[in-house]
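So the structure is just underneath, and the comments pick up after that.
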Amino acid sequence: MAENTAAHDLEVELGRLLDQERFPPPEAFAAAARVSGSELHDAPGEDVPAWWLAQSKEILDWAKEPTRAVDESSKPFYQWFADGELNVSHNCLDRHVIAGNGERVAFHWRGEEGEERDVTYAELLADTQRMANALKARGITAGDVVGIFLPMIPEAVVAMLACARIGAPHNVVFGGFSPASVRERMEFSDAKALITVDGARRKGKTAPIKQALDAALDAEPLPALGTILVVRHTGDEAPMREGRDLWADEAMAAAGAECPAEPLPAEQPLFILYSSGSTAKPKGILHTSAGYLTQVAWTFREVFDLEVESDVYFCTADIGWVTGHSYMVYGPLANGATSVMYEGAPDYPHKGIWWELCERYGVTLFYTAPTAIRACMKWGPEHPRSFDLSRLRLLGTVGEPINPKAWLWYHKVIGGERCPIVDTWWQTETGAIMVTTLPGAQDAKPGAAGTPLPGIAVAVVDQEGEACAAGTQGLLAITQPWPSMLRNLYRDPDRYEQTYWSKFGPDAYFVGDAAREDEEGYFSVVGRVDDVINVSGHRLSTAEVESAIVSHPKVAEAAVIGQADEDTGQAIAAFVTLEGDMDGTDELIAELREHVAQHIGKLARPKRIIWSDDLPKTRSGKIMRRLLRDVAEGRALGDVTTLRDPEVMARLEAQIKSGAVPAED
Ligand code: WTA
């Protein structure tokens, strides 16, 4: 009863706050701000690249300082700080140890079953050197791609930094992807080595990862993949192939303790991260070293208002996504920050685990995604309220538009109305945060990410690239190169030019998001304009899911759409036509979902499968996804006369009303 009253009071309070359009920085916060917002926003002045060059010299430790900022001579293949040299792992590790901070904790790691491990900068450096030497001993040198398929354990960070140390670009695959996806990504990137684990834990169970990977690799071997390093974690049985597989701990023990951080070119590839685009084949987004590190380090310091001596930072992202790369590994470590790393799911062993960790480690800066906030809202405020969150002083969000209600809940229940919220807009391609509010200096407006950061130029334009008036929805474009921009798509420069630089030409980057800018220059991002679906902040392409479904022998054709979803932002709905006159059954739904899980990963399983004898197609045979979205979301159907078979929509509508089957999780 008391709980009900409390819940009711919270609703009323949130309802009252819904009318409040802006939230100024909390006073204590504003007073402590290093510089005023306008001072910082005006700082770059006319020569923006020169300002970035100065920032990069200030924030990074260079072996050879660059003399040039951006090189546009082969645009859109931009280069940054190209005549400089540095080592990314030196900047994340050695320099902090040299400065006397080797005993500082880099990560408070918490395992799923409650294990705790504090990893200091000195320990991270020692392990990184050994892992780098173990890779070298297997013949890995600068430029060789190394795959990483690891759960949220400190070894994942060690693996990334070991690659960075020797200039071998890493290709991390999110733990939720299937072995078949891992194999495919190793193939696309021509990986020479893979660092993985015996098994992974998930909510009290373990899964034998190495065994499953072997099955995928046996089915279609990859001759280039000459080494698999296996981290011992769960004790799951891991078959080891002579000549190819090594236990990581044994290889590291056998390797030398010292691996000097050699200076590498500023444009040395640092990593590839595969991300969904509008075709079935994922794009290998390529980032390089110095420009990337400059902007992630700078944004981490300024956007999170970092006080390195006293702050404890907790980012809930997985290392397999760009947020994990930029704001769990490179940004925090380049700044010498202390972070929390949690192995488990947000609701295991209980729904308050994140808040327990905040209390336990005195977290001050917390960064998560709207989908997680919505889940927490659903679980109820009693979970965060059972822990002491008073050390929190700043909250962040990323991954999708946050609805004002979730923003307010975050502000009130987690932030206790004291913490500014930074809603950070960026992408895998941008590498680092581009649009947000500087927490001590700018008002936040729920629903709007904020203004472009200093040194960043963003615009809302129409189809022709002309600026839209304030308040008008259009396409988001980035109108100046920025240091952490992607440099290419791995081994696919044509697709790079086509995807990002053909719509508006080589001077303006096509983002793929729809947005509005208000009178004060705040940007609200509405969503994607391409065939990319954002499920719980995870990017998936309709084409990728369609091709997985169609590869099932009983399927003749499939069309996949993103459907608005209260929990996950968007959910996947698949319209499926079966071969011959087969009928759709519940068993077949389960079979198709499992089939997609095998091909891509569980995260790509359709939430709904709708059987359809035919799909709405134009006379030229193009599937009209807009109509499918309308019918799936129960909207009135517009003009259907351009369809080859105008009757098809009526049949689909009837089919949906008669009970399309929402799938179980
Ligand atoms: C969306 C994640 C609104 C957007 C870092 C973008 C957002 C895509 C926000 C990139 C935000 C990300 N507000 N939408 N604060 N942040 N997005 O590559 O559609 O996984 O294009 O990078 O997520 O997703 P990605």
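Keep in mind that the numbers below use all heavy atoms, side chains included, and drop hydrogens, waters and symmetry copies. We count residues from 1, following the sequence as given. Numbering of ligands and ligand atoms starts at 1, following listing order.
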Item checked: Protein contact of atom 4 (C) of ligand 1 - nearest heavy atom, named by residue and atom, plus distance -> Asp513 OD2, 2.9 Å

Note to self: Quick check: Thr428 and ligand 1, any N/O pair under 3.5 Å apart?
What the structure shows: yes

Notebook entry, point to check: Are Asp531 and Ser541 linked by a side-chain donor-acceptor pair shorter than 3.5 Å?
Noted result: no

Checklist line | Shortest protein contact, atom 16 (N) of ligand 1 (heavy atom only) | finding: Gly399 N, 3.1 Å

Check: Are Leu394 and Val422 side-chain neighbours, meaning at least one heavy-atom pair lies under 4.5 Å?
Finding: yes

Margin query: Under 4.0 Å, counting heavy atoms only: does Trp426 come that close to any atom of ligand 1?
Written below: yes

Next item on the list: With heavy atoms only and a cut-off of under 4.0 Å, state how Arg528 meets ligand 1: side chain, backbone, both or neither.
Entry: side chain

Next item on the list: List every atom of ligand 1 that sits less than 4.0 Å from any heavy atom of Val322, numbering the atoms from 1 in the order shown and giving each element.
Entry: 5 (C), 22 (O)

Notebook entry, point to check: Within 45° of the six-membered ring axis of Phe188 and under 6.0 Å from that ring's centre, is NZ or CZ of Arg491 located there?
Noted result: no

Notebook entry, point to check: For ligand 1, which atoms have a heavy atom of Val525 less than 4.0 angstrom away?
Noted result: 3 (C), 14 (N)

Note to self: Aromatic contact between Tyr367 and Phe304, with the criterion being ring centroids under 6.0 Å apart: yes or no?
What the structure shows: yes

Checklist line | Residue part near ligand 1, for Gln427, under 4.0 Å between non-hydrogen atoms | finding: both

Next item on the list: Identify the heavy atoms of Leu293 and Ala334 that sit nearest to each other, and give their distance.
Entry: CD1-CB, 4.1 Å

Margin query: Give me the residue, atom name and distance of the protein heavy atom closest to atom 13 (N) of ligand 1.
Written below: Glu400 O, 3.4 Å

Notebook entry, point to check: N/O to N/O below 3.5 Å, does that happen between Asp423 and ligand 1?
Noted result: yes

Margin query: With a 6.0 Å cut-off on the ring centroids, do His325 and Tyr330 count as close?
Written below: no

Checklist line | Option among Glu21, Gln20, Glu520 that satisfies the side chain to side chain donor-acceptor pair (under 3.5 Å) test with Lys445 | finding: Glu520

Next item on the list: Check each heavy atom of Ile402 against ligand 1 and say whether those closer than 4.0 Å belong to the side chain, the backbone, both or neither.
Entry: neither

Margin query: Using a 4.0 Å cut-off to any heavy atom of Pro401, which atoms of ligand 1 qualify?
Written below: 3 (C), 13 (N), 14 (N)

Check: Is Val173 close to Tyr274 at the side-chain level, that is, under 4.5 Å between some pair of heavy atoms?
Finding: no

Notebook entry, point to check: Taking atom types as modelled and ignoring hydrogens, do the side chains of Tyr78 and Glu267 form a donor-acceptor contact shorter than 3.5 angstrom?
Noted result: no

Next item on the list: Among all protein heavy atoms, pick out the one at the shortest distance from atom 24 (O) of ligand 1; state its residue, atom name and that distance to 0.1 Å.
Entry: Arg539 CD, 3.3 Å

